[in-house]
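We name chains A, B, ... by the order of the sequence lines, and we start the count at 1 in each one.
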There are 2 protein chains.
Amino acid sequence: MAYDNMFSALGDSTRRQVFEAVAECPRAVGDLAADLPVSRPAVSQHLKVLSDAGLVVCRAEGTRRIYAARPEGLADLRAWLERYWSDALESFAAEVNKGRDA
Amino acid sequence: MAYDNMFSALGDSTRRQVFEAVAECPRAVGDLAADLPVSRPAVSQHLKVLSDAGLVVCRAEGTRRIYAARPEGLADLRAWLERYWSDALESFAAEVNKGRDA
DNA sequence: TATTATCGTAAGCCATTACTTACGGTAAGT
DNA sequence: ACTTACCGTAAGTAATGGCTTACGATAATA
């Protein structure tokens with residue numbers, strides 16, 4: 001399971017902003033850093049974490065590295081959500097009933 | 001946006017295990033700690049974080065506190081996913097085309 | 001009332017980690 | 001060849017955060 005990498009990668013606020021930015025539109029590292037309150041190396045480090053988690057991919061364009069979101073990465077998150085969504089619904093419904101006569 | 005709390009809450013591995021456990025079946029704090037490699041106070045702290053993030057709720061049963069997953073919490077995650085899912089799909093498709101003729 | 005069971009919180013410690021600056025490396029331009 | 005643009009990585013620092021032990025509080029029980 002890559003759940004651990006994926007969730008912890010998205011767990012950081014700044015890093016999630018990086019992901020959201022490249023999801024909206026693929027961008028280069030410098031361009032990303034320009035729109036964020038952290039330095040360019042910091043963005044590079046965040047992108048590495050996101051890449052290791054399978055959430056982004058990059059391609060070279062001259063000296064620039066264009067990063068883009070990787071849909072398959074979110075698919076894992078989707079699978080996790082689907083499962084615990086139904087679990088939560090069932091257990092919550094049962095819990096409400098228990099709370100009523102308790 | 002409670003996204004920050006939600007993602008950072010689910011970002012920790014142990015805390016996610018706590019959530020998954022109560023999602024499968026509502027349980028008391030002590031019972032949760034018995035199935036995890038951490039102490040009971042640690043579980044309490046995790047449950048507080050999950051509660052602040054709107055992911056769990058609890059009800060009293062004597063001295064015991066029964067925690068249950070809160071579906072609406074996952075609904076927020078679902079909403080986030082739906083949005084960046086489509087964004088990622090579009091930008092990724094466009095990126096593949098750009099990479100082809102680049 | 002005294003005891004037991006269950007839990008939340010405070011204090012402190014330690015590991016993780018996010019950030020910055022400095023450096024080296026590759027590709028395009030002159 | 002030299003300079004410029006862009007980027008990844010290393011090193012070091014500051015801070016965040018997870019864990020444990022200790023304590024106090026509430027509710028059921030005898």
Point to revise | Hphob cluster co-occupancy, A:L50 + A:I66, side-chain heavy atoms under 4.5 angstrom | key: no
Review point. C:dC19 phosphate, OP1 or OP2: any side-chain N/O from A:H46 under 4.0 angstrom?
Key: yes
N/O contacts under 3.5 Å, protein versus nucleotides 6-12 of chain C?
from: C:dT6; atom 1: O4'; to: B:T63; atom 2: OG1; distance (Å): 3.1
from: C:dC7; atom 1: OP1; to: B:V29; atom 2: N; distance (Å): 3.1
from: C:dC7; atom 1: OP2; to: B:G30; atom 2: N; distance (Å): 2.8
from: C:dG8; atom 1: OP1; to: B:Y67; atom 2: OH; distance (Å): 2.5
from: C:dG8; atom 1: OP2; to: B:S44; atom 2: OG; distance (Å): 2.1
from: C:dG8; atom 1: N7; to: B:R40; atom 2: NH1; distance (Å): 3.2
from: C:dG8; atom 1: O6; to: B:R40; atom 2: NH2; distance (Å): 3.0

**Study point:** Atom-to-atom span, CD of B:E61 to P of D:dA28 - whole angstrom
**Key:** 10 Å
Review point. To the nearest Å, how far apart are B:R59 CZ and D:dA27 P?
Key: 16 Å
Point to revise | Results of salt bridge (charged side-chain N to carboxylate O under 4.0 Å, His left out) for B:R70 - residues two or more places apart only | key: B:E72
Exercise for review: May I ask you to decide if A:V22's main-chain N or O and A:R27's side chain share a donor-acceptor pair within less than 3.5 Å?
Suggested key: no
Review point. If you pin A:G62 and A:P37 to their nearest nucleotides in DNA chain C, which one's is more 5'?
Key: A:P37
Revision key, fill the gap. Test side-chain contact (heavy atoms from CB on, under 4.5 Å), reference A:F19, set A:D12, A:L47, A:T14, A:L74, output is A:L74
Point to revise | Interatomic distance, A:L32 CG vs C:dC19 P [rounded to whole Å] | key: 14 Å
Practice item. Keeping the roles fixed (side chain from B:R15, backbone from B:A9), state whether a donor-acceptor pair exists under 3.5 Å. Key: yes
Review point. For D:dG18, does either OP1 or OP2 sit under 4.0 Å from a side-chain N or O belonging to B:T14?
Key: no
Practice item. Verify the cluster assignment for A:W85 and A:W80: are they in a single hydrophobic cluster under the rule of side-chain heavy atoms below 4.5 Å apart? Key: yes
Review point. In whole angstroms, how far is the P atom of D:dC19 from the CD atom of B:Q17?
Key: 10 Å
Practice item. In whole angstrom, give the distance that lies between atom CZ of B:F7 and atom P of C:dA18. Key: 16 Å
Exercise for review: In whole angstrom, give the distance that lies between atom CG of A:D52 and atom C1' of D:dT9.
Suggested key: 14 Å
